Enquirer: 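First, the structure itself, so that you have it in front of you.
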Amino acid sequence: MNSTGLSRENDAETPSSGGHRTVAASLSVSGLSVHYRDFTAVGGIDLEIPEGEITALVGPSGCGKSSFLHSLNRLTDLIPGCRVAGSIRLSDGTEVTHPKTDVLSLRRRVGIVFQRPNPFPQSIRRNFEIPLKEHGWRKRDIPDRMETVLREVGLWNEISDRLHKSAIALSGGQQQRLCIARALALEPEVILFDEPCSALDPIASGVVEDLIHSLRGRLTVVIVTHNLAQARRIADRAAVFWVRDGIGTIVEHGPAERVFTAPSNPDAASYLSGARG
Amino acid sequence: MAAFAFTACGKKESGDVVVLTGASTIAPIIVDVAKRYEEAHPGVRIEVQTGGTSRGIADTLSGVADLGMASRVLTDEEAEKLTAYRIAADGVCVVLHKDNPINDLSKQQLIDIYTKKETNWSAFGGPDATIVVANKADGRSTLEVFLGFVGLDKADVKADVVVGENLHVINSVVSNPNTIGYVSIGTAATEAQGGTPIKLIATDGIAATTENVASGTFPITRPLTIIEDAETSPAAKAFLDHLKSAEINDIIEKHFFVPVN
Amino acid sequence: MTPPTPRARPVAPVWLDRALAFAGATAALLSFGLFAWLVWDLARLGLPRISWTFLTGEIEDAGRSGGIGPLLVSTLLILVCCLALVIPLGTGCALWLSEFVRRGSLAARLVTGGVDLLASVPSIVFGLFGMVFFGQTLKMGFSILSGGLTLACMILPILVRTTLSALEALPADLRPASAGLGLTRTTSIVKLLLPAALPGIVVGITLGIGRALSETAALIFTSGYSIRWPSSFWDSGRALSVHIYDLTLNVPQSGAMASSTALVLLALILVVNSAAVALSEHWLRRRHQTS
Amino acid sequence: MLGLLALVAGGMVLLIVWYLFSNALPVIEAGRLAAFFTDSLWQPRSQRDPQFGVVSMLVASFLVTLLAVALALPVGLAGAVFHRFYAPPVLERWNRRMLELLIGVPSVVFGFWGLMVIVPLIVRLAPHTSGQSLLAASIVLGLMILPIIALTSQAALQAVPPAQLQAAAGLGMGRARTIWSVALPAAKGGIGAGVLLALARAIGETMAVVLVCGNIPQIPKSLFDGIRPVTSTIALEMGYATASHKALLFCAALILVLFTALLVGWLSFRKVESDPGTGGA
């Protein structure tokens with residue numbers, strides 16, 4: 001993971017094979033709050049997200065997990081009236097919430113996959129070409145990059161013969177894997193998953209889960225999920241969100257093992273044991 | 001709303017309604033005449049519709065209209081079934097932009113211009129500018145009387161612009177000062193008086209004025225007529241008689257046309 | 001050591017965004033400028049003449065003086081006739097196309113093709129057709145009714161097209177959702193689909209209103225030239241647009257009155273459109289409150 | 001029931017075509033239809049040499065329409081993009097009000113304005129022409145269909161699913177690329193429908209064009225040449241035509257409608273063929 005300086009030069013020339021050249025970055029969140037006009041959705045968040053690990057965010061609906069997740073790559077900018085205060089620092093020192101931060105390269109470095117698969121209703125190939133071109137990939141490098149990531153998500157063999165066909169003709173699970181591949185293609189350092197499996201059937205859901213698990217070590221993963229069993233299976237670290245005084249916040253966080261087996265916070269404990277939420 | 005529509009559903013007996021359709025030049029006159037006529041003859045309604053001379057002819061023949069308004073002479077075929085009554089005369093004069101120094105054009109000069117034998121105003125003592133020839137569209141009576149005067153067939157005329165309504169001619173001259181066109185004297189005189197930058201050109205030395213049209217000295221004129229077929233209702237006959245009388249002359253003059261009765 | 005960014009190349013060419021913003025702003029400014037120029041020309045000539053007597057008075061001297069009162073009434077009545085026919089016909093046709101036949105089926109293609117073609121029939125042909133079909137065959141004569149119905153035929157394509165795209169833009173799962181609740185197709189259309197598509201339909205209606213109120217050629221031959229106060233839908237009545245046409249091309253020295261009338265027409269469109277939007281919003285709000 | 005309404009809506013055009021056909025019948029029966037395509041001039045009432053060439057008018061109709069769309073589409077679309085993605089929402093709302101108003105401006109007002117404002121400008125550009133020309137007609141017509149294109153484009157851009165814009169944002173795509181590669185492709189169908197509507201409106205437009213196009217029945221060699229679309233001919237001559245002349249005009253109208261049918265049919269057929277996938281999402 002520390003051979004980055006070298007691999008950077010090579011990227012454009014030989015983007016094929018491996019895929020282990022990306023850097024993972026850690027995130028350090030402190031004093032973060034998300035406001036929608038007069039309403040505070042999330043507040044008082046302090047969280048360390050270590051590099052290369054999978055951090056699961058769990059908690060009942062409406063406690064601000066998604067708001068928090070979207071603030072990590074400034075997708076909250078898209079919502080009119082939404083304001084984020086506090087600090088999110090990437091390991092290279094980039095301050096995410098700083099207004100001068102280049103949002104677009106930030107979002108390339110901190111990718112996201114949404115709950116509902118959202119491929120562009122264009123050909124599969126265009127789904128890669130559009131974002132890759134935007135981030136400066138040369139046209140001739142794109143096919144190789146696309147093949148690499150499609151192999152990584154296990155789609156290559158399924159769809160390599162219809163790359164020119166519409167992406168929305170794929171099944172739900174395939175679409176979601178395509179979206180993951182599309183995010184991976186940009187060589188992000190962190191990837192955010194917003195309930196990536198909840199719109200999928202159990203089998204597709206399992207495939208996607210395995211895929212996320214396989215990213216461990218190479219990338220920093222933050223995943224919002226309602227599926228506690230899933231969180232247990234894949235997470236290294238966990239954070240439990242809870243609504244306190246009308247504001248969503250983290251009531252418990254730490255190594256997944258400890259959070260799931262011996263939560264110290266009573267709300268977290270009852271939620272995790274299935275009693276509430 | 002619906003009730004009010006249905007109470008009026010039974011159309012009024014056609015006896016006391018007189019429908020006129022036809023030439024848009026004549027329609028505004030008849031509207032004014034009708035207004036006064038209705039006041040003097042309660043119970044009579046005069047409906048005036050436009051759409052052009054040939055619509056007036058067709059509607060009169062088909063019975064849709066009681067009377068037609070025609071601003072051109074009927075063809076022989078049409079004259080077999082219809083009778084036309086002159087109610088006013090209109091002169092057709094040449095108009096130029098006010099900035100054009102030319103004030104008089106002879107018949108031969110007009111022929112030269114309209115056949116593109118001469119294409120520059122300098123040939124007539126005007127500025128060095130290409131003449132833009134505006135001609136009227138097929139079927140317009142002004143076209144027919146003008147071509148009749150200069151003795152040209154439609155196919156001989158080489159126009160740069162073809163226009164329909166009189167005001168279209170005038171505004172073409174306003175928007176491009178090198179344009180020459182010909183229009184109803186009534187329309188042109190009203191516009192020139194109102195400050196529109198055009199002028200009426202004398203033809204063969206005879207000034208284009210309504211007086212000269214009235215006296216018969218102005219060479220290019222056309223009749224404005226009302227037409228009827230063999231089956232005209234009594235109410236329509238009465239209105240026709242009114243139109244043929246001198247009682248409407250003030251209205252005709254107000255519209256800058258020349259009374260003939 | 002520099003921070004580890006795998007890709008040194010700058011992302012997202014900013015110039016493209018700038019260029020697009022510039023082009024867009026230019027285009028927006030251009031269309032606004034042209035519009036302002038046009039309205040300014042109208043207002044300069046026409047505004048001084050507008051008064052209460054102008055709005056309520058009768059036409060004098062072929063339109064060179066007096067007012068446009070009867071024409072305002074006729075215009076509104078023509079619009080009422082037109083909308084009364086075109087709204088049910090247009091939405092009905094669009095509903096049929098989007099809910100009852102398969103997209104791309106022969107029947108759907110024939111109907112949409114016919115409607116598209118109808119859009120390209122010259123307005124003057126509508127006028128001539130309306131005169132014969134409504135005026136003579138259906139014996140409506142020169143009347144507000146036959147003018148309104150002719151206009152309805154003319155703006156039908158606008159309404160069908162916009163309603164259809166509004167219906168097609170609805171979330172695809174709305175239909176299974178309503179079916180899942182055991183709603184009949186009628187209930188689902190009336191209670192779910194139409195309200196959801198209403199904003200789109202209203203856009204179509206406002207477009208249609210603008211087109212109808214601005215139409216001249218189709219009305220000269222149908223609703224006609226009469227300047228009397230209309231007393232029923234069976235009377236002939238001159239529409240404002242026909243009057244503007246007549247003043248512009250037929251009545252010398254009436255330019256200022258033509259401009260005044262055009263301004264009134266624009267104001268009327270503004271009022272009618274706002275009313276349509278407000279009505280639909282009111283209706284939607286009431287539904288939201290009761291349900 | 002709804003099917004019946006659809007039948008009426010779709011069948012209306014047949015009624016109109018039938019009406020045109022029955023009025024054009026005398027020409028067709030006289031076997032003079034071919035002359036419409038072989039004659040080079042339009043002088044139906046000339047005693048010496050009557051000719052009914054309609055080709056130059058058809059060319060004019062389609063040429064002026066094409067140019068008008070070429071002028072209006074970039075402006076309308078760019079304006080719509082600006083209002084959707086760059087301008088504050090208030091501006092967008094006002095702009096929409098303005099465009100709706102612009103649609104309601106009677107065509108004769110556009111035509112007159114074109115004659116008094118655009119034509120003199122063109123005369124200044126080309127001093128030896130009349131100014132009433134293909135260019136003037138295209139500009140006036142372009143202005144008339146601009147609001148249709150702008151409004152329909154705006155609506156189509158509005159209807160782009162937010163999920164796709166979110167996807168683009170999530171991939172770190174800038175506004176420009178999002179618009180160009182995501183929003184515009186997704187709105188393609190709606191924009192196309194708007195263009196089709198505008199196209200149809202332009203071909204059928206009469207009163208505005210007749211005032212600025214010069215009405216010379218010829219195939220134009222330059223932008224400054226006068227042209228005469230089919231509709232202008234009808235507007236100019238119908239009111240004063242005698243019976244046989246009238247039949248000729250109806251025949252010309254019929255030919256225009258049939259040619260437009262071919263064009264519209266071809267365009268919408270292509271549309272159906274080319275976007276079978278985009279319906280779902």
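A quick note: this is a predicted structure, and the numbers were derived from the prediction, not measured. Letters A, B, ... mirror the listed sequences (proteins, then strands); counts begin at 1.
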Enquirer: Does any backbone or side-chain atom of Pro44(D) lie under 4.5 Å from a heavy atom of chain B? Answer side chain, backbone, both or neither.
Expert: both
Enquirer: Shortest non-hydrogen contact from Ala159(B) to Ile216(D)?
Expert: O-CD1, 3.3 Å
Enquirer: Please tabulate, one pair per line, the donor and acceptor atoms of chain B and chain D that lie under 3.5 Å from each other, or say none if there are none.
Expert:
residue, atom, partner, partner atom, Å
Arg45(D), NH2, Glu144(B), OE2, 2.9
Ser46(D), OG, Asp153(B), OD2, 3.2
Arg48(D), NH1, Asp156(B), OD1, 3.4
Arg48(D), NH2, Asp156(B), OD1, 3.1
Leu115(D), O, Ser175(B), OG, 3.4
His128(D), ND1, Thr130(B), OG1, 2.5
Thr129(D), O, Asn176(B), ND2, 3.0
Ser130(D), O, Asn176(B), ND2, 3.0
Gln132(D), NE2, Ser172(B), OG, 2.7
Leu211(D), O, His168(B), NE2, 3.1
Gly214(D), O, Val162(B), N, 2.7
Asn215(D), ND2, Val162(B), O, 2.7
Leu236(D), O, Arg140(B), NE, 3.4
Leu236(D), O, Arg140(B), NH2, 2.8
Met238(D), O, Ser54(B), OG, 3.2
Gly239(D), O, Thr53(B), N, 3.1
Gly239(D), O, Ser54(B), N, 2.9
Gly239(D), O, Ser54(B), OG, 2.7
Tyr240(D), N, Ser54(B), OG, 3.2
Tyr240(D), OH, Ser24(B), OG, 3.3
Ala241(D), N, Ser54(B), OG, 3.0
Ala241(D), O, Ser54(B), OG, 3.0

Enquirer: Is it the backbone or the side chain of Val210(D) that comes under 4.5 Å from a heavy atom of chain B, or both, or neither?
Expert: backbone
Enquirer: Highest number of heavy-atom pairs under 4.5 Å with chain D: which of Ala155(B), Gly164(B), Ala23(B), Pro177(B)?
Expert: Ala155(B)
Enquirer: Pick one of side chain, backbone, both or neither for Val161(B), based on which atoms fall under 4.5 Å of a heavy atom in chain D.
Expert: both
Enquirer: For the CG atom of Leu115(D) and the CG atom of Leu167(B), what is their distance to the nearest 0.5 Å?
Expert: 10.5 Å
Enquirer: So what's closer than 4.5 Å to chain D heavy atoms on Ala129(B): side chain, backbone, both or neither?
Expert: neither
Enquirer: Go through the atoms of Ala134(B) and report whether side chain, backbone, both or neither lie under 4.5 Å from a heavy atom of chain D.
Expert: neither
